[in-house]
Every structure is written in C-alpha cells, then in structure tokens.
Amino acid sequence: MSYLGVGVSPGNVPVYHDTDLKDVGRKVRLAELILRSIVCVLALVSALLVATNSQVQEIFTIQKKAKFTDMKALVFSVVVNSMAATYSLVQVLRCGLSVVRGSVVLSKPLAWLNFSGDQLMAYVMLAALGAALQSAIIAKFAEPELQWMKVCDMYGKFCNRSGEGIACSAVAWLMMVIVTGISSFSLFRLYGGNKGTKIGAGY
C-alpha cells in the first residue's frame with residue numbers, strides 16, 4: 001500500500017521511493033540554480049550602480065565631485081558584492097552542470113564546502129549591507145549631534161543611485177539567505193538514516 005509516494009513495508013516502516021527522491025532532487029537543483037543566478041545578477045548590478053556613481057556639484061563657485069570612494073561603507077559594499085557575484089557565478093556553473101547531467105553526486109566534502117561558503121558569503125553580505133544602510137541613513141537625515149549635514153540635499157542624484165544599488169544588494173542578500181537554506185538541506189540530508197537513497201536524486 002502507498003500513500004503520497006510513501007510505501008509501507010510489512011514491518012510498518014515507511015519506505016520512500018527513489019522516483020520521489022529524484023523528483024525532489026531535480027526541483028531543489030532547479031530552485032538553487034535560479035536563486036544563485038538572481039544573486040549573481042543583483043550583486044553585479046549593485047556593484048556597478050555604486051562603483052560608477054558620481055555627481056559634480058558647485059558649492060560657492062567650487063566644483064565638488066561626490067563618488068563612492070568618499071564613503072568607506074560604499075567601497076566595502078562594492079567589494080563584497082563583486083565577491084558575491086563572482087562566487088555565485090561559480091556556483092551557477094556547478095548547478096548548471098548538475099542540472100544538465102542529472103547524475104552529479106554531491107559528496108560530503110563538497111556539500112560542506114558549499115554550506116560553509118554560502119554561510120560565510122551571507123554573513124559578509126549582511127555586514128556590507130548594514131554598513132551601507134547606516135551611511136545612507138546618515139547622508140539622508142544627517143547627524144546634528146556630530147554636526148554632519150544632509151549630504152543628499154546637495155547630491156540628490158548620487159544618493160538616489162546609491163540607494164538603488166543598496167536595494168539590489170538587500171534583495172541579493174535575501175536570496176542568499178534562501179540559498180543557505182537549500183545548501184543546509186543538501187548537506188544534512190546526506191546524514192539521513194535512509195542511506196540507501198540518501199542522494200538518490202543524484203544531487
């Protein structure tokens with residue numbers, strides 16, 4: 001007898017069919033490929049938006065140019081998002097190969113490597129996002145106690161484009177968080193009790 005793809009052995013022990021595991025594996029691989037592609041694109045867009053951003057403003061007959069290197073938080077954001085885009089591109093190629101071949105087995109060392117890399121990248125992206133957001137808030141609303149003026153009142157175009165880059169970075173980080181969940185699932189299911197089909201999906 002079977003129900004929802006789960007067979008029941010004579011000893012009343014649930015037995016999962018290989019076909020069900022393969023279907024789950026295919027869906028997980030496809031979801032991971034899509035999410036990593038989104039992270040790669042958004043991180044790259046964020047880095048380009050911020051790195052190529054500049055605005056010249058004339059203040060008392062003196063031209064002053066605002067650029068991302070004037071704010072260390074934005075420099076950090078560009079570096080981290082460039083790293084995230086590169087890392088995600090490598091992972092997209094790996095996932096793409098897995099989807100095309102359909103029989104690439106994810107070994108435990110590789111699963112741990114992916115899990116650790118995803119966790120590290122997610123935390124670094126969060127740190128860069130937090131620093132950029134803090135700088136953006138100060139630039140927008142100022143800090144009277146420290147006599148820091150509202151920079152965005154003078155460099156509106158620069159602030160708007162930087163804000164777009166930070167927004168892309170935020171969405172990329174959220175997608176990366178979901179990816180870490182997938183890599184966690186891919187790792188810890190290798191330690192499941194059903195060793196006969198622990199990676200029956202070829203993932």
Side-chain angles (χ1 to χ4, degrees), residues 22-53 67-69 71-137 139 158-190 199 201-203:
K22 289 179 179 178
D23 289 339
V24 172
R26 292 191 191 97
K27 292 177 181 179
V28 169
R29 284 200 303 272
L30 184 59
E32 183 181 3
L33 176 61
I34 294 173
L35 288 171
R36 288 191 186 277
S37 298
I38 294 175
V39 173
C40 181
V41 172
L42 288 178
L44 180 60
V45 170
S46 176
L48 290 176
L49 281 174
V50 176
T52 60
N53 189 20
K67 49 189 183 297
F68 82 101
T69 52
M71 301 178 69
K72 301 305 179 184
L74 293 182
V75 175
F76 182 44
S77 178
V78 170
V79 172
V80 170
N81 279 294
S82 299
M83 291 171 56
T86 303
Y87 173 79
S88 296
L89 179 59
V90 174
Q91 291 287 9
V92 165
L93 294 176
R94 178 190 65 79
C95 292
L97 179 62
S98 177
V99 170
V100 171
R101 296 181 61 181
S103 59
V104 178
V105 177
L106 191 64
S107 63
K108 288 183 180 179
L110 182 57
W112 273 108
L113 182 62
N114 288 335
F115 172 76
S116 301
D118 291 345
Q119 291 286 328
L120 177 62
M121 189 56 60
Y123 280 117
V124 173
M125 290 176 69
L126 178 60
L129 178 61
L133 280 174
Q134 183 182 38
S135 296
I137 291 173
F158 176 83
C159 286
N160 290 336
R161 186 165 178 177
S162 296
E164 293 172 359
I166 294 173
C168 289
S169 179
V171 178
W173 173 72
L174 289 175
M175 296 298 102
M176 194 66 203
V177 170
I178 301 176
V179 169
T180 59
I182 293 177
S183 62
S184 299
F185 168 77
S186 300
L187 170 63
F188 293 112
R189 73 169 179 168
L190 296 179
I199 44 178
Y203 182 68

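What you are looking at is a predicted structure, and each value in this text was computed from that prediction instead of being measured.
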Checklist outcome for this item: Sorted by chain and residue number, the side-chain hydrogen bond (donor to acceptor under 3.5 Å, both in side chains) partners of Ser88 (sequence neighbours excluded) come out as none
Next on the checklist: For a side chain to side chain contact (heavy atoms under 4.5 Å, CB included) check, start with the C-alpha distance between Glu164 and Asn53, then their side-chain angles and the critical distance, and finish with the verdict.
Outcome noted: CA-CA 11 Å; Glu164 293 172 359; Asn53 189 20; over 6 Å; no
Give me the atom names and distance for the closest heavy-atom approach of [X] to [Y].
{"X": "Ala136", "Y": "Ile166", "answer": "CB-CD1, 3.9 Å"}
{"X": "Ala172", "Y": "Val39", "answer": "O-CG2, 3.7 Å"}
{"X": "Ser46", "Y": "Cys168", "answer": "CB-CB, 3.9 Å"}

[X] side, atom [atom1]; [Y] side, atom [atom2] - distance, nearest 0.5 Å:
{"X": "Arg29", "Y": "Leu97", "atom1": "CZ", "atom2": "CG", "answer": "10.5 Å"}
{"X": "Leu120", "Y": "Met83", "atom1": "CG", "atom2": "CE", "answer": "7.0 Å"}
{"X": "Ile182", "Y": "Phe115", "atom1": "CD1", "atom2": "CZ", "answer": "13.5 Å"}
{"X": "Leu110", "Y": "Leu187", "atom1": "CG", "atom2": "CG", "answer": "10.5 Å"}
{"X": "Ile178", "Y": "Met176", "atom1": "CD1", "atom2": "CE", "answer": "11.0 Å"}
{"X": "Thr52", "Y": "Lys67", "atom1": "OG1", "atom2": "NZ", "answer": "14.0 Å"}

Next on the checklist: Run the side chain to side chain contact (heavy atoms under 4.5 Å, CB included) test on Leu42 and Trp173 for me, step by step, so that the C-alpha distance in whole Å, both residues' side-chain angles and the decisive distance to 0.1 Å come before the verdict.
Outcome noted: CA-CA 9 Å; Leu42 288 178; Trp173 173 72; over 6 Å; no
Checklist entry - Would a 4.5 Å heavy-atom cut-off, applied to side chains only, mark Ser186 and Val28 as touching? => result yes
Checklist entry - Are any non-hydrogen side-chain atoms of Leu35 and Gln91 less than 4.5 angstrom apart? => result no
Checklist entry - Between the side chain of Thr86 and the main-chain N/O of Ser82, is any donor-acceptor distance below 3.5 Å? => result yes
Item to check | Heavy-atom donor-acceptor pair, Ser169 side chain to Gly165 backbone, under 3.5 Å | outcome: no
Next on the checklist: Gln119 and side-chain contact (heavy atoms from CB on, under 4.5 Å): which single residue from Val124, Thr180, Asn114 fits?
Outcome noted: Thr180
Checklist entry - After noting the C-alpha distance and the side-chain angles of Asn81 and Leu44, does the key distance pass the side chain to side chain contact (heavy atoms under 4.5 Å, CB included) rule? => result CA-CA 6 Å; Asn81 279 294; Leu44 180 60; over 6 Å; no
Item to check | side chain to side chain contact (heavy atoms under 4.5 Å, CB included) between Leu30 and Ile34, intermediate numbers included | outcome: CA-CA 6 Å; Leu30 184 59; Ile34 294 173; 4.2 Å; yes
